[in-house]
Amino acid sequence: MWLRVIISPQNIRKVQLSQLPDSVDSLKAKLKSKLEIQEDFLLQYEDPDFGNELCNLTDISELPAERAVLKIVWDPDSSVLKQSDTQSVSSLDTASVSTSSSQSSSAVVQSHMRSTLEWPSPFPIPTFSYDVELRLRRANEAYEQTNKALSVPREMKSHILEKIAEAVFVLKAYPHTEEIETVASALVLKHPCLTEPGKGKGFDGWKMSIKFKLGNYRSKLRSAGCHEVNINRKRGGGDGDDKKIPLKKAKRGEVNYLPDHPGGQSDDTLEEERLILVEELKKRTKDAILISQKMSLTFSLRRKEIVEGVPMVSEVLERWPALSLPNEIGNEFKRITNVDLLDTFKSSLHQHAPQLLKLYRARQGAFGKEMEDLLNKLDQQTSNIVNHRKQGVLEGLPLFLREDPSALFRKYLDTSPADRQTRGMKMGILVMTEDDVAPSTLPTFTSFSVVLEEAVVLKDISDLQSAVAYLFGLIFALDFQYPKELKYTFEVIEKVFMEMGTQCSARVQSLKTKLFL
């Protein structure tokens with residue numbers, strides 16, 4: 001079930017639940033966990049029986065099926081409400097480890113970052129200044145009668161483009177060409193008088209103007225010190241080398257790729273918070289809530305180090321050891337993409353597993369003995385069938401996409417020397433099997449580990465689907481590129497399982513089409 005949760009006018013979140021909780025209290029507990037909320041609140045929902053007007057949610061059965069819009073109503077004594085009302089950032093000026101201070105910091109961080117994953121359709125054209133809106137309204141009325149387009153004065157066009165550039169940047173710093181086209185299309189749809197005469201789509205000129213205006217707007221933000229665009233300041237190659245350097249920008253559905261520091265924070269103050277975080281992780285009894293809050297507060301510093309510095313995995317984990325905790329991997333992925341890692345991956349795998357297995361069986365002869373052996377072993381299972389099917393789907397996915405599964409999964413016996421297990425392994429899952437005395441066609445998998453740059457980052461994972469999800473989360477958290485030999489496998493995970501974007505390669509689009517037949 002998908003929920004659109006309105007926390008505040010500036011903080012609206014998208015939440016996916018694998019199933020609808022059985023009570024309102026259970027739903028509130030779920031939302032507290034996913035949205036990192038500590039205070040009590042009431043829930044209201046948009047009731048379709050009354051024109052989507054808000055009503056208090058008292059019975060879980062009142063919620064619309066599959067998709068619903070919820071609004072959080074804060075207790076008047078809530079510290080979050082007080083923080084929102086005062087817009088105070090004084091609690092961010094100290095390195096206090098108190099819970100209330102950390103909650104205030106978290107609220108400021110969340111309101112500072114982007115929260116929209118999907119590109120809106122249609123794009124919401126902003127309201128322009130009063131005089132421009134007045135001119136457009138009169139020109140639209142004249143266009144309906146005479147079909148004559150408005151001759152836009154230079155200063156008016158500049159104002160329109162400036163407002164649109166600001167609205168686009170709120171959603172994305174570097175939109176794709178197709179996304180810019182939707183903006184131009186929405187502009188002439190809302191204001192027909194801006195339609196360009198002649199052949200073409202009627203907005204081709206606006207499309208190019210918006211594209212160039214976005215470039216100019218990013219230059220202004222660069223001068224102002226915006227990290228997200230400042231990293232792509234033109235850099236000389238040295239020795240007269242003017243080789244073009246690829247832009248560092250969101251390419252895989254990252255909503256918050258390289259955010260600026262929250263108000264009142266700097267590299268130095270966030271470094272102090274990082275040191276508090278490291279000390280907390282050294283304790284025998286760790287405060288999980290404090291760790292999560294400090295990780296949220298220091299997110300911008302961590303992204304700056306990872307994206308700009310491109311450090312080794314060992315260096316990142318030394319400075320940010322919390323990234324080796326399963327829960328924090330999911331939290332970091334949520335900060336970057338605004339998508340729940342485990343819930344989304346597991347629910348999608350559960351949904352698509354039956355159809356994927358049908359596709360595997362229908363064409364198993366085309367994929368050689370490996371696919372045949374995989375399906376035969378799956379048929380021999382007599383217990384925990386559902387889990388084995390999901391594991392079989394993941395093991396067979398690279399084969400079906402004509403990639404090498406051994407590049408992703410490496411099996412080893414529990415008696416193998418530790419120094420050989422990860423040798424030469426840049427990225428993947430270690431699958432430990434029992435060293436049976438008697439030959440067996442059904443090896444017993446005992447545990448799974450996530451490996452990056454020949455180092456085990458996460459170990460003793462109980463099932464393969466969780467291991468693959470955590471690997472995918474770490475790829476985003478550490479800004480890794482997909483390995484070339486597995487690019488289609490990870491594209492399926494991104495575009496099909498995690499539903500992050502719609503632009504697919506031909507091979508993945510073919511699979512996606514077959515899944516939804």
Side-chain angles (χ1 to χ4, degrees), residues 1-88 99-100 102-118 120-121 124 255 288-290 292-293 296 327 330-331 333-335 337-351 498-499:
M1 182 172 187
W2 285 103
L3 300 174
R4 182 174 182 264
V5 184
I6 304 172
I7 303 173
S8 71
Q10 296 80 27
N11 190 6
I12 302 175
R13 305 281 290 278
K14 184 177 179 181
V15 174
Q16 185 184 36
L17 302 178
S18 55
Q19 60 183 13
L20 182 65
D22 55 6
S23 68
V24 175
D25 288 339
S26 297
L27 174 60
K28 289 167 69 174
K30 281 273 189 184
L31 293 177
K32 282 186 175 183
S33 174
K34 289 180 176 293
L35 301 175
E36 300 179 10
I37 294 173
Q38 303 300 321
E39 289 74 12
D40 289 330
F41 55 84
L42 298 176
L43 278 177
Q44 295 181 338
Y45 73 102
E46 290 188 358
D47 192 336
D49 294 335
F50 294 95
N52 290 330
E53 291 294 327
L54 290 171
C55 297
N56 286 355
L57 181 63
T58 57
D59 189 332
I60 199 70
S61 64
E62 297 172 340
L63 276 183
E66 298 184 355
R67 296 174 186 270
V69 177
L70 297 177
K71 181 180 180 180
I72 288 179
V73 181
W74 298 105
D75 185 319
D77 296 327
S78 168
S79 62
V80 169
L81 181 61
K82 291 176 182 177
Q83 171 68 20
S84 176
D85 289 342
T86 61
Q87 293 297 313
S88 170
T99 303
S100 60
S102 297
Q103 288 170 357
S104 300
S105 302
S106 179
V108 172
V109 172
Q110 291 298 330
S111 64
H112 175 74
M113 296 194 300
R114 294 189 177 105
S115 59
T116 303
L117 171 63
E118 297 180 355
S121 180
V255 176
I289 294 177
L290 177 63
S292 179
Q293 290 166 341
S296 180
N327 189 54
N331 289 341
F333 185 80
K334 180 71 176 285
R335 295 179 195 109
T337 66
N338 208 36
V339 176
D340 286 303
L341 180 61
L342 277 182
D343 284 354
T344 304
F345 182 78
K346 288 187 174 183
S347 62
S348 292
L349 182 60
H350 180 79
Q351 175 189 349
M498 304 303 293
E499 299 180 349

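- Here the side chains of Leu31 and Leu70 are in contact, with some heavy-atom distance below 4.5 Å.
- With contacts defined as side-chain heavy-atom distances shorter than 4.5 Å, the pair Arg114/Asn338 does not qualify.
- In this structure, Leu349 CG and Leu342 CG are separated by 11.5 Å, a value rounded to the nearest 0.5 Å.
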For a side-chain contact (heavy atoms from CB on, under 4.5 Å) check, start with the C-alpha distance between Ser348 and Met498, then their side-chain angles and the critical distance, and finish with the verdict. CA-CA 7 Å; Ser348 292; Met498 304 303 293; over 6 Å; no
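- Residues Pro64 and Glu46 approach most closely at CG-O, 4.2 Å, considering heavy atoms.
- Put simply, the side chain of Leu57 reaches to within 4.5 Å of the side chain of Leu27, judged on heavy atoms.
- Contact record, Asn56 with Glu62: O-OE1, 3.8 Å, taken as the closest heavy-atom pair.
- Counting only residues at least two apart or on different chains, no salt bridge (Lys or Arg N to Asp or Glu O under 4.0 Å) pair has a member in residues 51-61.
- Shortest non-hydrogen contact noted between Phe333 and Val339 is CD2-O, 3.4 Å.
- Judged by distance alone, the side chain of Thr344 and the main-chain N or O of Leu341 form no donor-acceptor pair under 3.5 Å.
- Residue Lys28 comes nearest to Phe41 through the heavy atom pair NZ-O, 2.9 Å, listed as atom of the first residue, atom of the second, then distance.
- At least one side-chain heavy atom of Ile72 sits under 4.5 Å from a side-chain heavy atom of Val5.
- Atom NZ of Lys34 sits about 6.0 Å away from atom CG of Leu17, to the nearest 0.5 Å.
- Put simply, the side chain of Met1 reaches to within 4.5 Å of the side chain of Leu63, judged on heavy atoms.
- Residue Asp340 is tested with Lys14, Lys334, Lys346 for a salt bridge (Lys or Arg N to Asp or Glu O under 4.0 Å); the sole match is Lys334.
- Annotation for Asn331 and Ser292: closest pair ND2-OG, 3.5 Å, computed over non-hydrogen atoms.
- With sequence neighbours excluded, no residue satisfies side-chain hydrogen bond (donor to acceptor under 3.5 Å, both in side chains) with Lys71.
- For the pair Lys30 and Pro21, the tightest heavy-atom approach, listed with the atom from each and the gap, is CG-CG, 4.3 Å.
- Note that the CD atom of Gln16 and the CD atom of Glu499 stand 6.0 Å from one another [nearest 0.5 Å].
- No side-chain heavy atom of Thr58 sits under 4.5 Å from any side-chain heavy atom of Val24.
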